[in-house]
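All chains are named by letter (A, B, ...) in the order of the sequence lines, taking the proteins before the strands, and each is independently numbered beginning at 1.
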Amino acid sequence: MDILAELNPEQRKATEAISGPILILAGPGSGKTRVITHRIAYLIKVCGVSPYRIMAVTFTNKAAREMQSRLRQLLGAGVKDLTLGTFHAICARILRRDGKEIGLDSGFVIYDDEDHLNVLKRSIVEVGLDPKEYAPRAIASAISAAKSHLVSSRDYQRHSASYFEEVVGRVYEQYQQALTKSNALDFDDLLSRTVELLRQGSKILTKYQERYLHIQVDEFQDTNLVQYELIKMLGGKYRNICAVGDPDQSIYSWRFADIRNILSFEQDYPDAEVVLLEQNYRSTKMILETASNLISTNQQRKPMGLWTGNSTGDLTRVIETYTEQEEAQYVVSEIERLVEGDRFKLGDFAVMYRTNAQSRVIEEAFIRYGVSYKLVAGTRFYERREVKDIVAYFKLVQNPQDAVSLLRVINVPGRGIGERTLSELSSWARSLGLSMYEALKHLNGLENDKLVEGKPSFNQRTIRALAGFFTLIDKFRKQCQELTLVDLFDLVIEKTGYREYLLNGTDGAERWDNILELRTVAQGYRDLPPAEGLSAFLEGVTLVSDVDELGENVDAVVLITLHQSKGLEFPAVFIVGMEDGLLPHSRSFGDPAQMEEERRLCYVGITRAKELVYLVRAFRRNFMGSSAVSIPSRFLKDIPSYLLSGGGLWEEKESSTAQGLYSWERNTLEPSLNVAEFKAGDHVHHVQFGDGVVVSAKLVKDDIEVVVAFNGAIKKLLSSYAKLKKME
DNA sequence: CGAAAGGCTCTTTTT
DNA sequence: GAGCCTTTCG
């Protein structure tokens, strides 16, 4: 197969420019994934580069898997030695292999968000502060920001400029020590410690620099400083770095992603070639026009000349319902209606929302109507209590220093080990400089030395309970070398009595099903030797995201947050909750930069659609118990009304509210080609009034009402009578 | 020690 | 409205 044959000239240029740095600015649907895969295929097949010397960074694991399978199609075989994955996954691999150079035990565990918040809360208490007074989330965010900018706890403390920062500094220090003691890393550490590793031992840096002849980074607009630094270091020798991104789709600044990385790239690599991919292959003209109008309201951006050769398509539907229940109901019934029409199947639809909380009402409507759906986030599988419990046992087997996991399961199922016992045990352990697990070992009298002094005087029953737990874990640890992962899994379930424990509790059967599902995941590692299987399993379990789990084979409507929708596409998209306060979210009201990010988020949602876009909002919405009247999203005003059907509702609220409640029942305008004839800013000529500029245009009944500013007068004209002539 | 009930605060987005 | 924490009682 000729790798270049199926590419357009720009895509081809981006594919062939393999020598030196290159920045690819790729609009939505412009085939950027295609370019990345074709570049890799081109490097391997045409240029003879060994896959071992290529790194490709993706935003999600799913994107990585897709790339792998596309490469298989292009090359006719899998590409095994390619370094392919998210930043976090790639860094975890590097640290497992070479982390010992910076004193990291290769058995380290990765703490997910919940674990991380647990440690943090405890750290706040340990430095003598009240977690109620200092919001753990705020402190967590500050620490994450520091780590994302490669600021150590010591540096942070040195430069703290306010009382809050001083507090954060102290907690940061304590938190980091706690992680070290547990031989654990949080998500940010995976990145920052890799940078540390590369900076520390020059041997290591050279090793990786020598290896990676080519580096590609997808979703470059959503990288943060550490990630940028990583790429800069890894690509330091050969400088064959390919960054692909779209500033208009940057939606992760709250995770400290920084669009400025794109600017820095051009500065750090002045010789970088810049390629623009502006042809959209995904959406109809109408959709692209809608999206372009929306995004062009943003001040902080470089204009892009997106275009498409696709058909004109349908107008974007703006729908107003009375309540959120009706909103959900409308979405479901409209989907059913469209599916009956044969043009679509359920899997063609996505319902997108700003906050996860919105998904519940939608989900309920799908259940009530018996329409199958797939909820992408919700209570995530790996965040379920029972799943986390079992995973914690495994983490403990791999790394008994892990205090979070130990505390999680030491009394689950109940063994009569309570709060008091644990706090005594923990302070005893600390006074000896031991981990909890080691303390248990000493308590057990398994080690005969003098450390037993100061041993807390527990009663017989408690001692037996503690000893029982220690022996349990110790047994697992001894067996984990010989048993396959699944056998170990069964052993853990059996010896802990977890099954009985679950089945006796609420939702027992359902929870047990989740455990069986986890067991199936464990089975996926049966080909690896026991020890490797365990650590691969744990890594997989911690670093998966929800989008990763999105199966393609099921014919069901996808319910997804706008953030998660990035990189996906659907024939028809519903964006619900088009209201001020929700989209844009109220947290962004005070900050123009954040407001622009909200607009980008909306842009991302709209540009996922190939054929149909619905923007839906409820007139009244429940909010933390009480219900309030909502205001239509200001983003609706960024889209000229000639692109919308059900148009103008939000402008003429007074008169149209009553109709608006059931607006979907009345307005079924057929799209017409001349609808897009006039748009704001167009120069027009009128026989009587002379030259003017179009202010707005919208559909009224069978005509287009155009508002034109002539010299000194603003006129409302109907297109069919006014005979306006458009001037180029 | 553990279960159950009551009271509190929040909710953006996630690798 | 729900999850999390604290209090209370057995």
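The phosphate of B:dT15 has neither OP1 nor OP2 within less than 4.0 Å of any side-chain N or O from A:T60. The shortest distance between the side-chain N/O atoms of A:N356 and the OP1/OP2 oxygens of B:dT14 is below 4.0 Å. When the side-chain nitrogen and oxygen atoms of A:Q564 are compared with OP1 and OP2 of B:dT13, none of them lie within a distance under 4.0 Å.
Residues satisfying the salt bridge (Lys or Arg N to Asp or Glu O under 4.0 Å) criterion with A:D186, sequence neighbours excluded, are A:K147. Judged as a salt bridge (Lys or Arg N to Asp or Glu O under 4.0 Å), and not counting sequence neighbours, the contacts of A:K32 are A:D218, A:E219. Legend: residues meeting salt bridge (Lys or Arg N to Asp or Glu O under 4.0 Å) with A:D113, ordered by chain and number and at least two apart, are A:R137. Considering only residues two or more places apart in sequence or on other chains, A:E196 meets the side chain to side chain donor-acceptor pair (under 3.5 Å) condition with A:R193. With sequence neighbours excluded, the residues satisfying side chain to side chain donor-acceptor pair (under 3.5 Å) with A:R260 are A:D258. In this view, A:S426 satisfies the side chain to side chain donor-acceptor pair (under 3.5 Å) rule with no residue, not counting sequence neighbours. Under the salt bridge (Lys or Arg N to Asp or Glu O under 4.0 Å) criterion, A:R499 pairs with no residue at all, not counting sequence neighbours.
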Between protein and nucleic acid, restricted to nucleotides 2-9 of chain B and to nitrogen or oxygen atoms under 3.5 Å apart, what atom pairs and distances do you find?
from  : atom 1 : to     : atom 2 : distance (Å)
B:dG2 : OP1    : A:N411 : ND2    : 3.4
B:dG2 : OP1    : A:G416 : N      : 3.2
B:dG2 : OP2    : A:N411 : ND2    : 3.3

Strictly under 3.5 Å: I want the nitrogen or oxygen pairs between protein and nucleotides 3-5 of chain C, one per line.
from  : atom 1 : to     : atom 2 : distance (Å)
C:dC5 : OP1    : A:K121 : NZ     : 3.3

Report, one pair per line, the protein and nucleotides 7-10 of chain C atoms (nitrogen or oxygen only) whose separation is under 3.5 Å.
none

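What separates NE2 of A:H585 from P of B:dT13 is a distance of 7 Å, to the nearest Å. The interatomic distance linking A:L117 (CG) with B:dT15 (C1') rounds to 16 Å, in whole Å. When the P atom of B:dT14 is taken as reference, atom CG of A:D222 falls 13 Å away, rounded to whole Å. Look at OH on A:Y252: it is 11 Å from P on B:dT13, rounded to the nearest Å. When rounded to the nearest whole Å, the span between CD of A:E596 and P of B:dT13 equals 22 Å. Rounding to whole angstrom units, CZ of residue A:R621 and P of C:dG1 are separated by 14 Å. Between the CZ atom of A:R587 and the C1' atom of B:dT11 there is a distance of 8 Å, given to the nearest Å. Between A:N224 atom CG and B:dT14 atom C1' there is a gap of 13 Å when expressed in whole angstrom units.
Identified under the salt bridge (Lys or Arg N to Asp or Glu O under 4.0 Å) test for residues 587-596 of chain A, with sequence neighbours left out: none.
Aromatic ring centres of A:Y252 and A:F59: separated by under 6.0 Å. In this structure, A:F187 has its ring center no closer than 6.0 Å to that of A:Y111. Ring centroids of A:F394 and A:F537 are separated by less than 6.0 Å, placing the two rings close together. Aromatic rings of A:Y172 and A:Y175 (six-membered ring for Trp) have centroids beyond the 6.0 Å cut-off, not under it.
By the 4.0 Å N-to-carboxylate-O rule, A:R93 lies too far from A:E539 to be salt-bridged with it. For A:E364 and A:R360, the salt-bridge test passes: some basic side-chain N is under 4.0 Å from an acidic carboxylate O.
Listed nucleotides B:dT15, C:dG1, B:dT13 differ in distance to A:R360; the shortest reach to its side chain belongs to C:dG1. Side-chain proximity of A:T355 to B:dT13, B:dT14, B:dT15: nearest is B:dT13. Here the side chain of A:F187 is nearest to one of B:dC1, B:dT13, B:dT15, namely B:dT15. Across B:dT13, B:dT11, B:dT14, the shortest atom-to-atom separation from the side chain of A:R255 is found for B:dT14.
Contact annotation for A:D112: no contact, since no heavy-atom pair falls under 4.0 Å across all strands. In this structure, A:S588 reaches neither bases nor backbone, as no heavy-atom distance under 4.0 Å exists between it and the strands shown.
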Nucleotide-level pairing of DNA chain B, given in dot-bracket where Watson-Crick and G-U pairs need both distances under 3.5 Å and | marks other strands:
||||||||||.....

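Under the stacking definition used here (centres under 5.5 Å, planes under 30°), the residue A:W254 qualifies as stacked on the base of B:dT13.
Across all their heavy atoms, A:T60 and A:T58 have their closest contact at O-OG1, 2.9 Å.
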